[in-house]
Amino acid sequence: MEISSIFVIFVLLLVHCLMASTAVAVRTNITTDQSALLALKDHITDDPYKTLASNWSTTSTSVCNWIGITCGAKHHRVTALNLSHMGLSGTIAPQVGKLTFLSHLSFRNNNFHGSLPNELASLRRLEVVSFGLNNFSGMLPSWFGFLPKLQVLYAYRNSFEGTVPESLGNILSLKVLHLRENKLSGEIPQEIVTLPNLIEVTLANNSLTGHIPNATFNGSNIEVISLYMNRLSGNLPSSIGNWLPNLKVLYLWENRLEGIIPSSISNASMLTELELGANYFYGFIPNTLGNLRHLERLNLVNNYLTRESSTLELSFLSSLTNCVNLTSIVVADNPLNGILPKPIGNLSTSLEEFVAFNCNIKGIIPREIGNLSNLMTLSLYDNELTGPIPTTLGNLRKLQGLFLQNNRIRGLIPNDICHLRNLAELHLDHNELFGSIPTCWGSLSSLRNLYLDSNQLTSIPSSFWSLTDMLQINLSSNSLSGYLPLDVGKLEHVTQMDLSWNKLSGDIHAIKGLCSLVNLSLAHNKFQGPIPQSFGKLISMERLDLSDNNFSGEIPESLIKLKCLKDFNVSFNRLQGEIPSGGVISQFSALSFMGNQALCGPPQLQVPPCKTTSQTTTSVIIRYILPAMIVAILALFLIFVLMRGQKRDAKLKGQGDLLPLTTWRRITYLELEQATNGFSETNLVGKGSFGSVYKGTLSDGTSVAIKVFNLNIEGGFKSFETECDVLCSIRHRNLVKIISCCSNIDFKALVLEYMPMGSLKKWLYSHSHFLDMLERLSMMIDVASSLEYLHHGCPLPVVHCDLKPGNILLNKDMVALVSDFGISKFLGNEDSITQTMTLATIGYMAPEYGSQGIISTRGDVYSYGILLMETFTRKNPTDEMFVGEMSLKGWVRQSLPHSVIEVIDSSLLKRGEENFNAKLDCMLSIMQLAITCSTEAPEERSNMRDVVATLKSIKLKFLKDVRED
Ligand SMILES: *[C@@H]1O[C@H](CO)[C@@H](O)[C@H](O)[C@H]1NC(C)=O
Ligand SMILES: *[C@@H]1O[C@H](CO)[C@@H](O)[C@H](O)[C@H]1NC(C)=O
Ligand SMILES: *[C@@H]1O[C@H](CO)[C@@H](O)[C@H](O)[C@H]1NC(C)=O
Ligand SMILES: *[C@@H]1O[C@H](CO)[C@@H](O)[C@H](O)[C@H]1NC(C)=O
C-alpha cells in the first residue's frame with residue numbers, strides 16, 4: 001500500500017475516534033434519532049405515496065412506531081431504517097450519520113440522488129446496507145471499507161464513479177458485494193479478490209479494465225462472480241477452475257478476454273451457469289465441460305472457439321449429455337466447423353434452448369434432435385446444413401421458435417411440422433425446399449411470423465389462410481402458383497405480407513379486408529384485374545408494391561387516403577386513366593408509374609397530360625409526342641438497367657421491412673433543431689457529397705450524429721432513401737446503427753449513433769494519434785466482418801460501393817463501424833451483378849465499376865483490398881507518388897515478398913524492434929491477402945467470408961508468435 005493511502009486511513013481512523021468520543025460526551029438518546037430522521041424527511045423532495053408525510057409525525061407516536069423503523073428492544077434506539085420501494089426523491093441528509101445504533105440501512109429502489117454524505121462513515125454498527133436502484137453519483141466512498149461489521153453492501157444500479165476502493169479489502173466480514181451497473185473504472189483491486197468470506201461479487205456493467213487478477217478468490221467460498229460488460233482483458237488464469245470449489249455462477253461476457261478456455265474450468269464442479277460470450281476466446285471448447293454435472297446454462301456465443309479437431313463431430317456436445325439439468329446451450333457465432341453428433345439426442349430433456357447460428361456447421365440435422373422434448377428455441381440459421389428437415393422435429397411439442405434459414409436444407413416441408421402447436425416463429429427461408437406447403441398447415445395455431453421465402457415451393461394449401469392470428473408472412477421468391485382465395489381476407493391482423501416473385505394469378509379482391517397491413521408486396525406475379533377501390537381503407541399501409549403484374553383499369557382515387565404511404569409502385573402493369581392528383585399518390589416519382597399502358601397526369605410523372613385541348617398537330621408533336629418518344633427511349637434504357645436492380649430493390653424492400661422497426665424513436669424536425677442549436681456551424685462535423693453531418697444531443701442526453709440530406713442536388717433524395725432502406729433492413733455490430741429517420745417533404749435526415757472517435761482516416765493521417773498494428777488489424781477484422789454480413793448474411797446481399805477510410809468510424813471502444821450507405825445497392829443473390837451510374841470514390845473503385853458501372857460484391861472486395869493496403873502503409877491510393885503506371889497496388893505488389901518492410905508504415909515496423917519477425921510475418925500475410933482481394937479480374941478475387949477467416953487466423957498466429965517470442 002502506498003504511504004499516501006496509509007496516511008488517509010490513519011486520518012480516517014483518527015476522525016472516527018474523535019467522533020466516537022464526542023458522541024459519548026454528548027450522550028445521545030432516542031431524541032437524537034428522532035431529529036436525525038426528521039432531517040432525513042426534510043431532505044426528501046418528493047414522496048409520491050405520502051408514506052412518510054402522513055406517518056412520520058412527532059405528535060402521535062414514538063419514532064419506533066414509524067413506518068420503516070425498527071428499534072432495539074433493550075436500548076430503545078433505531079437499529080434498522082428501511083425506506084425501500086417508496087418512490088422517494090431527494091438527497092440523503094448528513095444527519096443520518098447520527099443514527100449510531102443502525103445495523104440495517106436500506107434506501108433500495110427509490111429516486112435518491114447526489115453523493116453519499118461522509119457522515120455515514122460513523123455508522124460503525126452497520127451490517128447490511130442497500131443503496132441499490134437509485135441515482136446516487138460521485139465517487140464510491142472508500143469509508144465503506146472502515147465499517148468493521150459490514151456483511152452485505154448493495155450499491156448496484158447507480159451512477160457511482162471512480163475506482164472500486166481498495167479499502168473494501170479491509171472488511172473481513174463482507175459476504176455480498178453488489179456494485180454492478182455503475183460507472184466504476186480502473187482495475188479490480190487484488191485486495192477484494194482475496195476476501196475470505198465473500199460469497200457473491202457483482203462488478204458487472206461498469207468500465208473496469210485490466211486483467212482478472214491471478215489467484216482470484218483462491219481458497220475462498222465464492223459462489224457468484226459476475227464481471228460481464230466491462231473492458232477486462234488478458235487470459236483467464238490457467239488453473240482458475242481448481243480453486244473455486246463452491247463457484248456456481250461465472251459471468252464474464254462482453255469483455256475483451258482472450259486466450260483459451262482453461263480446461264481446469266471443468267474442475268469447478270458446482271458450476272451451474274457459465275457465460276463467456278462476446279470475448280476473444282479461441283481454441284477448443286473443452287470436451288471435459290461434461291464434468292460440470294450441475295451445469296444449467298452454457299453461453300459461449302461470439303468468440304473464436306472451435307471444436308477439438310480429432311473428429312469432425314462437435315464432440316463437446318456429446319460430453320454435455322452428462323449435465324442432467326442443462327436448460328440452455330448458446331454457442332452461436334463461433335467457427336465450430338463441424339457436424340452435429342447423434343448423441344445430441346441424449347442431451348438433457350430439460351434443454352429449452354439450443355442456439356448455434358453462424359457456426360459453419362455442416363452435414364445434416366440428426367433425427368435424434370427430436371428427443372429434446374422440452375426444447376422451445378432451436379436456432380441453427382446461417383450454417384451449411386444440408387439434407388432434409390428431420391420429421392422428428394414434429395416431436396418438439398413445446399417448440400416456439402424454429403430458425404433454420406440460410407442453409408442448404410433440401411426436400412419437402414414434412415407434415416410433422418404441423419404438430420408444433422406452440423410454434424410462433426418459423427424461419428425456413430433461403431434453403432432448397434420444394435413441393436407444396438403441407439395441407440395440414442392450419443393446425444399451426446400459434447404461428448405469428450412465417451418466413452418461407454427464397455425456396456422452390458410450388459403451392460399454398462387453403463388451410464394456410466385459416467391462421468387468422470398471423471402477423472408477418474413472407475413467401476416471396478418461390479414458384480408458388482394459383483389464386484388467392486377469399487379466406488385471405490380473414491388474416492385481419494397481418495401487418496406484413498410479401499408474396500412477390502412467384503407465379504400467383506387471379507384478382508386480389510380478397511386482400512381488401514386486411515386493415516392492419518403496413519407492407520404489402522405482390523410484385524412480379526401474374527395478378528390481374530383492377531386494383532380494388534376498397535384498398536383506400538387499408539389506412540396503415542406504408543409500402544404497397546404491385547409492380548410487374550397484369551393489373552388493369554385505373555388507379556383508384558381512394559388511394560389518396562393512404563396517408564402513411566411511403567413507397568408505392570404500380571409500374572409495369574396495364575393501368576390506364578388519370579393518376580389521382582392531390583394526396584400522396586402523385587407525389588411519388590415517375591418510377592412508380594412507368595411501363596403502363598395509358599396512365600396520364602402531371603408532366604413530372606413522365607406521362608402524358610390527361611386533358612385533351614385543341615392544338616395544332618405540330619405543337620402536339622413538339623409538346624407531347626416528341627417528349628414521349630424521348631421518354632420511351634429513355635424508359636427502354638431504364639427498363640433495361642433497372643429491371644434487375646429495380647426488381648431486386650422491390651423484393652428487398654418487402655423483406656427489409658419484415659425486420660422489427662418498432663424500436664425506433666420518432667424524432668421531429670423541431671427536436672433535431674433543438675438538438676443541434678438550430679443546425680449551427682459549431683455543431684457541424686462534416687460535409688459530404690450528399691449533405692451535412694451535425695453532432696447533436698437529444699433531450700434525453702443521447703449524443704447522436706444527424707445526417708441532413710441536401711435535396712436540392714441531384715441524387716440527394718435517392719441517397720436518403722437508399723441509406724434508409726439499407727440501414728433499416730440490416731443490423732450488425734460493425735455497422736453504424738440508425739436511431740431514427742426524420743422525413744418531411746422538404747427535409748430528410750437520418751439520426752445515427754454518434755461516433756466520438758471520428759473516422760479511421762482521421763486516425764491514420766493525424767500526427768497526434770497513433771494506431772498500433774494490432775489495433776489496425778482488429779479494425780480491419782471489424783470492417784471485414786461487416787462486409788461479410790452485408791454480402792453473405794443479409795436477406796439480400798448489399799454492396800456498399802464506397803468503402804474508404806473516411807467511411808469507417810470508430811466508437812468509444814475503438815471498434816470500427818462501416819458507415820455511409822448513400823450509394824449502396826441491393827443485389828438479387830450473392831453472385832449477381834447490377835449496373836449503375838452513381839460514382840464511387842476514385843482510387844478505391846474496382847476497375848469494372850469505373851469502366852462499365854458493374855456492381856457486385858466483388859467490387860467491395862477490391863476496395864477492401866485497397867483499404868487494407870492503405871491502413872498498413874499509410875499511403876492514400878491517390879497520393880501524389882502514384883503517378884503514371886505506378887499505383888498503390890502495384891507498389892505493394894512489387895515489394896512482395898522480400899521487401900515488404902519498404903512499404904509498411906514506418907512507425908509500425910522498425911528493424912531490430914521487439915517482435916520484429918512476428919510483425920513482419922503478419923504484415924506480409926496481410927499484404928498478400930490485400931493483393932488477392934484487389935486482383936484486376938473480379939472472378940479471381942477472394943470473398944469476404946474467406947477474408948474474415950484469413951484475417952482472424954493471421955491475428956491468432958500473430959498473437960501466438962508474440963507470446964512465444
Ligand atoms: C435526551 O437527552 C436530552 C439532553 O441530552 C434531554 O433533554 C431529553 O429529555 C432526553 N430525551 C429522552 C427521551 O430521554
Ligand atoms: C405508521 O405506519 C405503521 C406501519 O404501517 C403503522 O403501524 C402506524 O400506525 C402508522 N402510524 C401513523 C401515525 O399513521
Ligand atoms: C498465477 O498463479 C499461479 C499459481 O498460483 C502461478 O503458477 C502463475 O505463474 C501465476 N501467473 C501470473 C501471470 O502471475
Ligand atoms: C437437478 O435439479 C434438481 C431439481 O432442482 C436437483 O434436485 C438435482 O440435484 C439437480 N441435479 C444436479 C446433478 O444438479
Side-chain angles (χ1 to χ4, degrees), residues 19-42 44 47-88 95 97-102 104-110 122 223-224 241 244-250 265-275 288-299 318-329 346-353 372-376:
M19 293 209 300
S21 57
T22 33
V24 170
V26 170
R27 293 205 67 80
T28 61
N29 58 24
I30 190 74
T31 316
T32 329
D33 290 355
Q34 177 173 316
S35 48
L37 290 172
L38 289 174
L40 172 64
K41 184 180 169 190
D42 271 353
I44 288 172
D47 177 4
Y49 313 115
K50 305 266 176 280
T51 329
L52 303 189
S54 61
N55 191 290
W56 282 20
S57 116
T58 46
T59 51
S60 53
T61 55
S62 142
V63 295
C64 293
N65 295 330
W66 289 1
I67 192 164
I69 305 294
T70 311
C71 289
K74 251 191 355 232
H75 43 59
H76 201 61
R77 295 291 300 273
V78 175
T79 55
L81 170 59
N82 179 1
L83 299 186
S84 53
H85 303 283
M86 291 184 178
L88 304 172
Q95 288 88 335
K98 299 224 166 103
L99 298 167
T100 48
F101 282 72
L102 266 190
H104 287 62
L105 174 61
S106 178
F107 291 107
R108 199 177 116 82
N109 196 4
N110 284 288
S122 23
E223 293 179 7
V224 175
L244 300 167
N246 295 327
L247 192 67
K248 293 187 175 142
V249 172
L250 181 58
I265 202 83
S266 317
N267 297 340
S269 59
M270 297 306 285
L271 261 183
T272 58
E273 301 191 25
L274 178 59
E275 307 215 343
T288 50
L289 284 184
N291 296 352
L292 301 171
R293 295 295 163 98
H294 301 291
L295 198 63
E296 293 173 12
R297 303 180 64 82
L298 174 65
N299 187 332
S318 311
S319 97
L320 291 174
T321 56
N322 292 324
C323 312
V324 296
N325 284 343
L326 200 58
T327 57
S328 167
I329 300 177
N346 300 336
L347 284 168
S348 164
T349 48
S350 311
L351 199 68
E352 295 175 353
E353 187 180 38
L372 303 175
S373 54
N374 279 306
L375 209 57
M376 294 199 268

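Just follow the structure's listing: the first ligand is 1, and inside any ligand the first atom is 1.
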Query raised in the report: Are the side chains of Asp42 and Gln95 in touch, meaning some heavy atoms are under 4.5 Å apart?
Result: no
Query raised in the report: Around ligand 4, what residues show up once you keep those with a heavy atom under 4.0 Å from it?
Result: Arg293, His294, Val324, Asn325
Listed partners of [X] passing salt bridge (Lys or Arg N to Asp or Glu O under 4.0 Å), at least two apart:
X      : answer
Lys41  : none
Arg108 : none
Glu296 : none

Requested in this report: May I ask you to decide if the ring planes of His75 and Phe101 are parallel, tilted or perpendicular, using 30° and 60° as cut-offs?
Outcome: tilted
Query raised in the report: Purely on distance, is any nitrogen or oxygen of Asn29 under 3.5 Å from one on ligand 1?
Result: yes
Query raised in the report: Got a donor-acceptor contact below 3.5 angstrom from the Thr70 side chain to the Thr79 backbone?
Result: no
Query raised in the report: Hey, which atoms in ligand 1 end up nearer than 4.0 Å to a heavy atom of Thr31?
Result: 1 (C), 10 (C), 11 (N), 12 (C), 13 (C)
**Report entry** Passing option when Ile69 is tested against Leu99, Leu81, Asn82 for side chain to side chain contact (heavy atoms under 4.5 Å, CB included)
**Finding:** Leu81
